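Single-structure report; data block below.
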Amino acid sequence: AILPLLCSCKNNSNSELSDGAVDFANIETTESCSNKYEVIDIDNAEDLTESEFYSTYVEDIQITKISDYRPMKPISRVCLDNKNIYALSDDKVYVFDKKNGEYQYCIDYKGHGHKEYISISDIQVIPQKKELLCLSDTQRKLFRISTENGKVKNVENILAGAPFILEVGDYTYYQFAYGTGLNKKETWLLMKSDSTHFIKKAVEIQPIQKMN
C-alpha cells in the first residue's frame, strides 16, 4: 500500500505563527475515514517542466542564506517557527535566525548518559509550547527541548520505535518504515497514540513470506 501525505507550506490562518510556521492548533480534530480517497493515475499525469511549475504554482520564493559559522554535514530534516530555523544534521540540531540566517546555538546531547541520546531520527517544533521534539527511535525516547535556550526540558518514553512521529494536540502519530526491527508484534505503517496506548492503526505491512 502507498499512503501519500500531502502538506502545504502556505498557512492562511490569522495566527501569529502563520509566518512560515505550521500552526497545529488549527487542527481541531482528527478522525479516521474509510473508502474516501482519490486514486492518482501517475502514468497519465501531466508532465510539467520546472519553469512551468514555478510560473504557474509558485507565488513567492524567499531565500535565507544561513551562516557558515558552524560547518555542518548533510541536513536530513528542517523545521521552523516564527523566529528560528532548526536543521538536523549528524545527530545535532543547528538553530539559525529565520530572518537573517545568523547562527544561534547548537543542540548536541549525543552520548550515553542521563538526558543524552544515541541518535536523532526526526525533529518537530511546537511553537505554542516553545519546544523542539527530538526523536531517538533506537532508544524509544522523545526529548523535549526548549527553543528559548536549547536545554532539555524532559525525556519521555515512547510506545514503539518509529523513525518519524508527529504530535498534534493530545495525540501522537507514529510513522513506521519497512525494516523497522524494534517492534516485532506491530506491522503497521501508521499508528495513533494518546501517549498511554495505541488507539488507531492503519496500513498493515505484510512481510513477503506471509503474502507468498
Side-chain angles (χ1 to χ4, degrees), residues 7 11 13 15-30 64 66-67 69-70 72-73 75-176 182-183 190-199:
C7 301
N11 187 340
S13 74
S15 167
E16 62 180 6
L17 303 172
S18 62
D19 183 18
V22 178
D23 187 355
F24 291 103
N26 292 335
I27 304 176
E28 297 180 356
T29 182
T30 55
T64 301
I66 60 175
S67 167
Y69 175 77
R70 288 283 299 268
M72 290 187 298
K73 292 186 177 181
I75 297 173
S76 58
R77 182 86 160 87
V78 173
C79 56
L80 61 149
D81 57 18
N82 57 336
K83 292 175 54 180
N84 295 322
I85 299 171
Y86 305 86
L88 174 62
S89 174
D90 192 31
D91 298 320
K92 302 178 183 67
V93 180
Y94 296 86
V95 183
F96 302 90
D97 184 276
K98 192 173 72 172
K99 292 184 178 180
N100 57 31
E102 288 299 317
Y103 173 79
Q104 302 295 306
Y105 57 88
C106 178
I107 298 171
D108 181 9
Y109 293 100
K110 189 176 180 67
H112 295 272
H114 181 59
K115 291 187 176 181
E116 292 182 333
Y117 51 75
I118 296 175
S119 63
I120 297 178
S121 59
D122 193 22
I123 60 174
Q124 178 193 354
V125 65
I126 310 292
Q128 296 86 354
K129 297 181 180 179
K130 297 182 179 179
E131 288 181 347
L132 181 73
L133 308 184
C134 294
L135 174 66
S136 177
D137 61 323
T138 55
Q139 297 170 282
R140 299 192 183 192
K141 290 187 180 297
L142 185 66
F143 291 75
R144 294 186 181 272
I145 296 176
S146 169
T147 56
E148 296 181 300
N149 55 25
K151 304 296 183 183
V152 177
K153 297 171 61 177
N154 191 26
V155 181
E156 303 172 4
N157 294 323
I158 58 176
L159 297 180
F164 307 102
I165 64 166
L166 180 65
E167 184 176 291
V168 182
D170 297 328
Y171 299 104
T172 301
Y173 296 83
Y174 293 72
Q175 181 178 332
F176 296 89
L182 300 176
N183 314 289
L190 288 173
M191 297 174 70
K192 177 182 178 181
S193 161
D194 61 359
S195 77
T196 58
H197 62 282
F198 288 114
I199 56 179

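Just so we're clear, the structure is a prediction, and the values are computed from it rather than from any experiment. Just so you know, these numbers use all the heavy atoms, side chains as well, and skip hydrogens, waters and symmetry mates.
Here the shortest heavy-atom pairing between S193 and L159 reads OG-CD1, 3.3 Å. Considering all non-hydrogen atoms of both residues, D91 and I120 come closest at OD1-N, 2.9 Å. Looking at every heavy atom in both residues, Q104 comes nearest to E102 through NE2-O, 3.3 Å. Annotation for I158 and K141: closest pair CG1-N, 3.7 Å, computed over non-hydrogen atoms.
Around the CG atom of N149, the shell of radius 6.0 Å holds more than 12 heavy atoms that belong to other residues, nucleotides or ligands. Within a 6.0 Å sphere centred on NE2 of H197, heavy atoms belonging to other residues, nucleotides or ligands number more than 12.
A search for ring pair (Phe, Tyr, Trp, His ring centres under 6.0 Å) contacts involving Y109 returns nothing, not counting sequence neighbours.
How far CG of D90 is from CE of M72: 11.0 Å, rounded to the nearest 0.5 Å. Rounded to the nearest 0.5 Å, atoms OG1 (T147) and CD1 (I126) are 10.5 Å apart. Taking CZ of R70 as the start and CG of D108 as the end, the distance is 7.5 Å to the nearest 0.5 Å.
Taking the six-membered ring where the residue is Trp, Y69 and Y103 present tilted rings, their angle falling between 30° and 60°. Taking the six-membered ring for Trp and thresholds of 30 and 60 degrees, F198 and Y174 have ring planes more than 60 degrees apart, a perpendicular arrangement.
Between L80 and V125 there is no side-chain heavy-atom pair separated by less than 4.5 Å. Contact of the V78 side chain with the I85 side chain is registered, since non-hydrogen atoms from C-beta on lie closer than 4.5 Å. A heavy-atom distance below 4.5 Å is found between the side chains of L133 and E131. The side-chain heavy atoms of H112 and I118, taken from C-beta on, include a pair separated by under 4.5 Å. Counting only heavy atoms from C-beta outward, the side chains of K110 and Y117 approach each other to under 4.5 Å. Between Q175 and L190, some side-chain heavy-atom pair lies under the 4.5 Å cut-off. Residues K92 and I107 have side chains not in contact (no heavy-atom distance under 4.5 Å, counting atoms from C-beta outward).
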Go through D81 and Y86 one step at a time and tell me if the side-chain hydrogen bond (donor to acceptor under 3.5 Å, both in side chains) criterion holds.
CA-CA 9 Å; D81 57 18; Y86 305 86; 2.8 Å; yes
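Salt bridge annotation for D97-K99: absent, with no cationic side-chain nitrogen under 4.0 angstrom from a carboxylate oxygen.
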